[in-house]
Structure formats: C-alpha cells, structure tokens
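One is the number of the first residue; the rest follow in order along the sequence. Values below: all heavy atoms of this structure, side chains included; hydrogens, waters and symmetry mates excluded. No experiment lies behind these values; they were computed from the predicted model shown.
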Amino acid sequence: MATGTEPPATEDHPPGGGVHSRTRAAIRAPHLRTDRWWLAPAATAAGLLAFVVYSTWRAFANADYYAAPYVSPFYSPCLAESCEPMRSGPNWELFGTWWGVSPAIIILIFPLGFRLTCYYYRKAYYRGFWASPPACAVAEPHKKYTGETRFPLILQNIHRYFFYAALLVAVVLTYDTVLAFRDEHYAWGHMGLGTLIFLANIALIWAYTLSCHSCRHIVGGKLKHFSRHPVRYRMWRVVGRLNARHMQLAWASLVSVALADFYVYLVASGVFDDPRLF
C-alpha cells in the first residue's frame, strides 16, 4: 500500500551504498540543510586537535611541571623515580629507573581514556573527525555502519572502568589543590594566583566527572523504587542536573586542565613569579 513517501517509480536511485542504498529514500541531494551545519563539527575538530597537540607536547616534554607548591595535573601523581622531588607531593615511585620516558605517559592514560570513551566526546570526535555523521540530517559518507561492535570501537564499552580511575585521579588533584595553599617555602596559609586556578580546575574536574552518564547510572540507574532509597534518589537528581550540562562541563574542564598545566609551565620555566594574594 502506498504511503505517500515512496519516490516516483521513474526516478533513478542515487549510486552508492549506506544512506544511498536502494532501501533508503531516493534523494539525489546529499542533504536538504541550508544552514552552516559544518561550523559545529569543524569547530569541535579544531578544539580537540588543539588540545591533542598541546597535551602531547607537554606530556613528552618531561620538564617544567613543578614549581613549588604547584604540580601540573598532567604529571600528578608522579609514578617514576625520575620525577622531580615534591615535598609532601604525589611522588609515588612505583616505576623504577628503567622507565626512561616522561612519567606523564603513565598517568595520562587514565583521564584521557575516560574522556576518549565519554559519551559526549565520542559524539564530538565521531562527527568532527570521522563524519559519522557530520551533523544531524546530514548523511555520513561511509557505505556501512557497524556501530561500536568491532575493534577498536568495542573498547568504548570499558568507559565505566575509566570512570573509576578518573575518580582516583580527581582525588589526587584535590590533594594537589590543598597543597597549593602553601608558598614556595612550603609554609601553610598562603594563596597565589595559581591557587585560584587550581581551585577552578578541580571544581570543573569534579563537576565533569560526576556528570558522567556512568556515574548517573551507578547512583540510581538500577533503582526500581525511588521512594525506598531517598538518599540515592537525591544524589541521582543532583547528578542528573549535572548530566544535563555534560557537554559544557566537558569543554570547560578540558580548557581548565590545560590552563592549569600551562600556568605551572610558565612559573616553572621562569617566565614570571606566582603572584601572592596573601
């Protein structure tokens, strides 16, 4: 029975597979959007690429990551014997002298793994880099779609385990922020510009981490009767409100962690001294 949506019988079907297969509507135009739909994926790709380039440079630099009392979040906790000694800092020498490259490589795999498998970031880089799809109502150029059922994308399913690791990293960065209330001589009761940057960064890190979809599911995803679990229900609602801002928190925390690292780099390399507020 005709539904009014079938293409005319005399119209040739566009060549190709995927959305242009014979099981789909025979529309020759690649899409019907007239707005600048490409701006969003292009901006996303540019922003992510800028962070990848910067973080790669800083991770392999293996220098200028500690200026008492500040330690770069890219290098915390420092797990190699080659780390700069940080008084009362996160020096955990689990890797011996055999580790010859930057110690940042050891720890960055966990927060980066958390972000790479994050639901929002997956959408962002699928659209920005792979055009899968490039935008809503815009056909992707791929001939077939397999989802995340094959290697390497099947590894996206370990996102929850990266969430647990990200929680531990956030705890360490919180400890680093507490240590930032010291001066360069390790005396307590002081605050510098770096302390404020660290406070803003850790607040955004926690907000982004707790807004994760996995966190929301862990807190209240399996509850069948909210009335029987009032505490978990309140927690679930708080996480849900954060989850509604997951995209904004993802970008804000990405910028803040890069800014915190860059600030430590500037102070450690002697560009300027950390301004003291008291």
Side chain to side chain donor-acceptor pair (under 3.5 Å) pairs touching residues 47-56, sequence neighbours excluded, are Tyr54-Asp261
For residues 166-175, the side chain to side chain donor-acceptor pair (under 3.5 Å) pairs (sequence neighbours left out) are Thr174-Trp206
Residues at least two apart in sequence or cross-chain that pass side chain to side chain contact (heavy atoms under 4.5 Å, CB included) with Phe151, listed by chain then number, are Leu155
Do the ring planes of Trp130 and Tyr126 sit parallel (below 30°), tilted (30 to 60°) or perpendicular (above 60°)?
parallel
| query | Would you find a donor on one side and an acceptor on the other, under 3.5 Å apart, between the side chain of Arg58 and the backbone of Val53? | reply | no
Subject >> Heavy-atom donor-acceptor pair, Ser102 side chain to Ala59 backbone, under 3.5 Å >> reply: yes
* When hydrophobic residues are tied together by side-chain contacts of less than 4.5 Å, even through go-betweens, does Leu179 share a cluster with Leu173? -> no
Legend entry - Side chain to side chain, Trp38 and Val138, heavy atoms closer than 4.5 Å: no
For residues 145-158, the salt bridge (Lys or Arg N to Asp or Glu O under 4.0 Å) pairs (sequence neighbours left out) are Arg122-Glu148
Item to check | Cluster check Tyr121, Phe114: I/L/V/M/F/W/Y, side chain < 4.5 angstrom | outcome: yes
In this structure, CD of Glu93 is separated from CH2 of Trp99 (nearest 0.5 Å) by 15.0 Å
CD (Glu81) and OG1 (Thr97) are apart, to the nearest 0.5 Å, by 5.5 Å
One should read off an interatomic distance between His159 NE2 and Leu116 CG, to the nearest 0.5 angstrom, of 11.0 Å
Residue pairs passing the side chain to side chain donor-acceptor pair (under 3.5 Å) test with at least one member in residues 222-241, sequence neighbours excluded, are none
_In this structure, would Val239 and Leu223 fall into the same cluster of hydrophobic residues linked by side-chain contacts under 4.5 Å?_
yes
With Tyr263 as partner, the option from Phe272, Tyr65, Phe74 fulfilling ring-ring contact (aromatic ring centres under 6.0 Å, His included) is Phe272
CG of Leu249 to CD1 of Ile205, rounded to nearest 0.5 Å, is 10.5 Å
Task: Verdict with reasoning, Tyr164 to Phe110, per ring pair (Phe, Tyr, Trp, His ring centres under 6.0 Å) - done: CA-CA 9 Å; Tyr164 297 141; Phe110 299 108; over 10 Å; no
Review point. With no hydrogens and no angle check, is any side-chain donor or acceptor of Asp274 less than 3.5 Å from a backbone partner on Gly194?
Key: yes
Next item on the list: Answer whether the closest heavy-atom distance between the side chains of Leu167 and Val171 falls below 4.5 Å.
Entry: no
Looking only at heavy atoms, the pair that brings Ile202 and Ala170 closest together is CD1-O, 3.6 Å
One should read off an interatomic distance between Thr44 OG1 and Phe129 CZ, to the nearest 0.5 angstrom, of 9.0 Å
- Message: For Ala180, is there any backbone N or O sitting under 3.5 Å from a side-chain donor or acceptor partner on Thr195?
- Response: yes
- List the steps and the verdict of side chain to side chain contact (heavy atoms under 4.5 Å, CB included) for Leu48 and Leu254. CA-CA 9 Å; Leu48 293 177; Leu254 195 72; 4.3 Å; yes
More than 12 foreign heavy atoms under 6.0 Å from CZ of Arg33: is that the case here?
yes
Can you check whether Met86's main-chain N or O pairs, donor with acceptor, with Asn91's side chain at less than 3.5 Å?
-> yes
Run Tyr120 and His246 through ring pair (Phe, Tyr, Trp, His ring centres under 6.0 Å) and show every step you take. CA-CA 7 Å; Tyr120 166 69; His246 194 50; 7.1 Å; no
query: Quick one: do Tyr161 and Leu153 end up in the same hydrophobic cluster if we chain Ile, Leu, Val, Met, Phe, Trp and Tyr together by side-chain heavy atoms under 4.5 Å apart?
result: yes
Trp98 (side chain) donor-acceptor with Gly100 (main chain) under 3.5 angstrom:
no
- [ ] Report yes or no: is the cationic atom of Arg115 (NZ for Lys, CZ for Arg) closer than 6.0 Å to the six-membered ring centre of Tyr208, at no more than 45° off its axis?
- [x] yes
Does any non-hydrogen side-chain atom of Leu277 lie less than 4.5 Å from one of Leu196? yes
Rounded to the nearest 0.5 angstrom, the NE2-CG distance for His217 and Asn243 is 12.5 Å
Residue pairs meeting ring pair (Phe, Tyr, Trp, His ring centres under 6.0 Å), one or both in residues 184-205, sequence neighbours left out, come to Tyr70-Phe198
With sequence neighbours left out, the residues meeting disulfide bond (SG atoms under 2.5 Å apart) with Cys78 are Cys83
Apart from Val255 itself, its cluster of hydrophobic side chains linked below 4.5 Å comprises none
Query raised in the report: With side chains defined as the heavy atoms from C-beta onward, is the minimum distance between Glu84 and Val71 less than 4.5 Å?
Result: no
Sorted by chain and number, sequence neighbours left out, side chain to side chain contact (heavy atoms under 4.5 Å, CB included) with Pro77 holds for Leu79, Pro90, Trp92, Ile107, Val172
Next on the checklist: Just checking Ile109: does its CD1 atom have more than 12 heavy atoms from other residues, nucleotides or ligands closer to it than 6.0 angstrom?
Outcome noted: no
Residue pairs passing the disulfide bond (SG atoms under 2.5 Å apart) test with at least one member in residues 125-238, sequence neighbours excluded, are none
| query | Should Phe95 and Phe60 be regarded as members of a common hydrophobic cluster, given that ILVMFWY residues are connected when their side-chain heavy atoms come within less than 4.5 Å of each other, either directly or indirectly? | reply | yes
Residue pairs meeting disulfide bond (SG atoms under 2.5 Å apart), one or both in residues 227-278, sequence neighbours left out, come to none
Is the CZ atom of Phe51 crowded by more than 12 outside heavy atoms at less than 6.0 Å? yes
Residues pairing under salt bridge (Lys or Arg N to Asp or Glu O under 4.0 Å) where one sits in residues 163-185, two or more places apart or in two chains, turn out to be Glu184-Arg276
Just checking Asn157: does its CG atom have more than 12 heavy atoms from other residues, nucleotides or ligands closer to it than 6.0 angstrom? yes
For Ser256 and Ser253 the tightest heavy-atom approach is OG-O, 3.0 Å
In sequence, state the C-alpha distance, the side-chain angles, and the governing distance for Tyr75 and Asn62, and then conclude on side-chain hydrogen bond (donor to acceptor under 3.5 Å, both in side chains). CA-CA 9 Å; Tyr75 287 80; Asn62 196 18; 4.9 Å; no
